[in-house]
Amino acid sequence: MSFIGKEIGAFSTKAYHEDDFKTIAKNDVLGRWAVFFFYPADFSFVCPTELKELADRYEEFKEADCEVYSVSCDTHFAHKAWHDASEAIKAIRFPMLADPSGKLAKDFGVMDEDKGFAERGSFIVNPQGKICAYEVSAANVGRSAAELLRKLQACQFVAKYGDRVCPAAWTPGDDTLNAEA
């Protein structure tokens with residue numbers, strides 16, 4: 001089953017963001033581009049490498065009018081404790097969503113019920129709340145923030161210029177193809 005074009009479900013959850021606990025809901029996401037970046041667990045091995053790389057590129061996502069939301073099935077309290085304890089996680093300036101019930105992970109199709117955590121899933125969501133790109137990989141395989149940013153930029157280009165499409169490895173400024181030709 002494909003998630004392309006699927007509208008994200010309604011949600012409201014706690015988050016750790018900017019040294020505070022906040023509530024983030026679907027309405028907070030709508031109206032701009034968003035990346036939902038699911039990972040298995042706080043205080044783990046591969047996760048901090050991915051989140052640190054994403055934190056290092058966060059300004060580029062913001063420049064692309066995109067908010068990043070990291071999500072795990074941990075609580076917002078665990079996110080704060082990890083943020084306080086880890087130099088890599090201290091670099092995070094995007095909201096860290098808590099999903100202890102797994103509701104978000106289930107809605108995005110990345111919940112591993114047997115293990116009780118989310119698989120690694122990256123979802124690009126357009127301003128209307130619909131998924132336009134995603135990638136899911138096993139818990140032991142890390143992802144690239146640079147590639148996620150490139151895919152976001154390609155999704156944004158195609159949304160703006162519907163008759164143009166982006167070939168493999170396209171980056172802003174590269175030639176595109178005419179879908180109508």
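Within the 3.5 Å criterion, the main-chain N or O of Ala25 finds no donor-acceptor partner in the side chain of Ser12. Panel note: side chain Arg32, backbone Pro127; no donor-acceptor pair is recorded below 3.5 Å. Under the 3.5 Å distance criterion, the side-chain polar atoms of Lys80 are left unmatched by any main-chain donor or acceptor of Tyr16. A donor-acceptor pair under 3.5 Å is formed between the side chain of Arg143 and the backbone N or O of Gly121.
In this structure, Cys47 and Pro40 approach most closely via the heavy-atom pair SG-CD, 3.5 Å. Contact record, Met111 with Cys73: SD-SG, 3.8 Å, taken as the closest heavy-atom pair. Nearest heavy atom pair, residue Val35 against residue Leu148, reads CG1-CD2, 3.6 Å. Scanning all heavy atoms of the two residues, the minimum distance from Asp107 to Lys6 falls at OD1-NZ, 2.9 Å. Of all heavy-atom pairs spanning Pro48 and Ala88, the tightest one is O-CB, 4.3 Å. Taking both residues in full, the closest heavy atoms of Gly9 and Lys26 are given as O-CD, 3.7 Å, listed atom of the first, atom of the second, then distance.
Comment: Asp56 engages Lys52 in a salt bridge, judged by a side-chain N to carboxylate O separation of less than 4.0 angstrom.
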Step by step, work out the side chain to side chain contact (heavy atoms under 4.5 Å, CB included) result for Val29 and Tyr69. CA-CA 9 Å; Val29 173; Tyr69 300 95; 3.9 Å; yes
Would Phe94 and Cys66 satisfy side chain to side chain contact (heavy atoms under 4.5 Å, CB included), going step by step from the backbone distance to the final call? CA-CA 11 Å; Phe94 45 80; Cys66 178; over 6 Å; no
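Considering Ile92, Asp42, Ile89 as possible partners of His79, the one that fulfils the side chain to side chain contact (heavy atoms under 4.5 Å, CB included) test is Asp42. Screening Glu67, Glu59, Glu18 for a salt bridge (Lys or Arg N to Asp or Glu O under 4.0 Å) involving Arg93 leaves a single residue, Glu59.
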Less than 3.5 Å apart, which donor and acceptor atoms pair up between the side chains of residues 155-163 and the rest of the protein, not counting sequence neighbours?
| from | atom 1 | to | atom 2 | distance (Å) |
| --- | --- | --- | --- | --- |
| Gln156 | NE2 | Ala64 | O | 2.6 |

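Enclosure of atom CZ in Phe45 is not indicated, since only 12 or fewer non-hydrogen atoms of other residues, nucleotides or ligands lie within 6.0 angstrom. In Asp175, the CG atom is not crowded: 12 or fewer heavy atoms of neighbouring residues, nucleotides or ligands sit closer than 6.0 Å.
Contacts classified as side chain to side chain donor-acceptor pair (under 3.5 Å) and involving residues 144-153 (residues at least two apart or in different chains) are given here: Glu147-Arg150. Within the structure, the side chain to side chain donor-acceptor pair (under 3.5 Å) test picks out the following pairs touching residues 124-137 (sequence neighbours left out): Asn126-Gln128.
Not counting sequence neighbours, Arg164 has no partner by the salt bridge (charged side-chain N to carboxylate O under 4.0 Å, His left out) test. A search for ring pair (Phe, Tyr, Trp, His ring centres under 6.0 Å) contacts involving Phe108 returns Phe36, Phe38, Phe123, not counting sequence neighbours. Residues satisfying the salt bridge (charged side-chain N to carboxylate O under 4.0 Å, His left out) test with Glu63, not counting sequence neighbours, are none.
By the criterion of side-chain heavy atoms lying less than 4.5 angstrom apart, applied directly or through intervening Ile, Leu, Val, Met, Phe, Trp or Tyr residues, Val68 is grouped together with Ile124 in one hydrophobic cluster.
Relative ring orientation between Tyr39 and Trp82 is described as tilted, the plane-to-plane angle lying within the 30° to 60° band.
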